[in-house]
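This structure is a prediction, so every number in the text was calculated from the model and none was measured. In what follows, every chain begins at residue 1, and chains take the letters A, B, ... in the order their sequences are listed.
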Number of protein chains: 2
Amino acid sequence: MADPQDRVDKMIHELKEHGFRVTPQRLAVLKILAASHGHPSVEMIFERIKPDFPTTSLATIYKTVNLLKDLREVVELDFSGESNRYDGNKPYPHPHLNCTKCKSIVDADVDGLTELAQHLAKKTGYQILTHRLDFFGICPRCQETQ
Amino acid sequence: MADPQDRVDKMIHELKEHGFRVTPQRLAVLKILAASHGHPSVEMIFERIKPDFPTTSLATIYKTVNLLKDLREVVELDFSGESNRYDGNKPYPHPHLNCTKCKSIVDADVDGLTELAQHLAKKTGYQILTHRLDFFGICPRCQETQ
DNA sequence: TTCTCAAGAAAGAATGATTATCCCTTCACT
DNA sequence: AGTGAAGGGATAATCATTCTTTCTTGAGAA
Ligand SMILES: [Mn+2]
Ligand SMILES: [Mn+2]
Ligand SMILES: [Zn+2]
Ligand SMILES: [Zn+2]
């Protein structure tokens, strides 16, 4: 896990670099994404920001998250049927363990994926830009409580 | 690639086994899924069925695909923002190469995933039920035509 | 310091894939 | 033939996300 403060600084830098303003709303959003505790959804970010910025609109969170995604400072984990989740702490493809009961998402420790992608690119002729590996199951805590 | 006819037979068997009827509409859908040329979406299945069964409703395709998914005879590849895609030819988790330009999806040849999942389960305490590996990029054909 | 205007934020409408609901039809079994 | 559950067709509802509109802000220019 990267230092959240470093990630905040990097994100601020990227915003400025590309001529985007660092507004209080954006700062609040990117601080949460920099830590990405639990890989929050837009809705979760929204709830955590409400106390500090009660007037902030959901659309603003969506726009900020997508802006950071376009700047490649946030990884989007999209799910059809439920809300997308975001990781701004490790802004590059990496595998995840998803609990289908409590909907928790944690980083999984698997390596060699990038090399695998390169090998596959050479073999198939595809120009591979990114990848995604997800494991779905029941987390230890949810197994206890049945 | 499994023999599509074998897959058709297996799907019919599973439907009967669980007390579901094999109706003309279901048969038409599962025949397409058994081959799964291009990993069709519900909409694509719908279009291919129209000539033979002009009155079939989209909802019927959705219901049939989900029924086969519940019977574990079809793998669903869900994408937020665009339509889900289905593979009834290899009804178990396997990696895919996705072209972000032409939206084509082909099976990728990568093995060791199941073993990796087992290893991860042991290491993390998760009860892993399934997984998904996708590579995203530009297919050779789309690279040619820029 | 005031002015100006493009970027950003807020609010709500629109979108679109999927699911739910309703009602009619079909079929297996008596 | 009669009956009841399962299936199909049509349409409405759902809900995350995006779009549109309008209002606000703030970094330079003068
Ligand atoms: Mn992560
Ligand atoms: Mn496949
Ligand atoms: Zn859990
Ligand atoms: Zn392509």
Is the phosphate of [N], meaning OP1 or OP2, less than 4.0 Å from a side-chain N or O of [X]?
X	N	result
T60(B)	dG9(D)	yes
S57(B)	dG8(D)	no
T23(A)	dT25(D)	no

Test item: side-chain donor near acceptor, D107(A) and H39(A), under 3.5 Å: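 Checked: D107(A)/H39(A) side chains pair up, N/O donor to acceptor below 3.5 Å.
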Separation of [N] [atom2] from [X] [atom1] (nearest whole Å):
X	N	atom1	atom2	answer
F46(A)	dA16(D)	CZ	C1'	14 Å
F20(A)	dT25(D)	CZ	C1'	17 Å
L15(B)	dA6(D)	CG	C1'	13 Å
F53(A)	dT25(D)	CZ	P	14 Å
H18(B)	dG7(D)	NE2	P	13 Å
L67(A)	dT17(D)	CG	P	17 Å
I61(A)	dG12(C)	CD1	P	16 Å
K50(A)	dA10(C)	NZ	P	13 Å

The single option from R26(A), R7(A), K90(A) passing salt bridge (charged side-chain N to carboxylate O under 4.0 Å, His left out) against E73(A):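 Only match with E73(A) under salt bridge (charged side-chain N to carboxylate O under 4.0 Å, His left out): R7(A).
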Has D134(B) got a side-chain atom pairing as donor or acceptor with H131(A)'s backbone, closer than 3.5 angstrom?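 Checked: no pair found.
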Taking the side chain from N98(A) and the backbone from I105(A), do they hold a donor-acceptor pair closer than 3.5 Å?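 Not confirmed, N98(A) side chain does not pair with I105(A) backbone.
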Within residues 25-37 of chain A, find the residues that approach DNA chain C with a heavy atom at under 4.0 Å, and present them sorted by residue number.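 Those residues are Q25(A), R26(A).
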Under 4.0 Å between any heavy atoms, over every strand shown, what does T56(B) touch: base, sugar-phosphate, or nothing? Just pick one.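 Sugar-phosphate: the residue T56(B), judged by heavy atoms under 4.0 Å, touches backbone atoms but no base.
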Could you tell me whether R141(A) and E144(A) make a salt bridge, using a distance below 4.0 angstrom between a side-chain N and a carboxylate O?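 Salt bridge: no.
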Can Y62(B) be reached from L33(B) by stepping across I, L, V, M, F, W or Y side chains whose heavy atoms are under 4.5 Å apart?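 Hydrophobic grouping puts L33(B) with Y62(B).
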L129(B), L116(B): one ILVMFWY side-chain cluster at the under-4.5 Å cut-off?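 L129(B) and L116(B): separate clusters.
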R132(A) NZ/CZ over F79(A) ring centroid, <6.0 Å and within 45° of normal: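 R132(A) over F79(A) ring: yes.
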Reading nucleotides 15-30 of chain C 5' to 3', which nucleotides get B (base under 4.0 Å from a protein heavy atom), which S (sugar-phosphate only), which -? --SBBBB----BB---
Taking C-beta and beyond as the side chain, do R72(A) and E14(A) meet within less than 4.5 Å on heavy atoms?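 Sidechains of E14(A) and R72(A): no contact.
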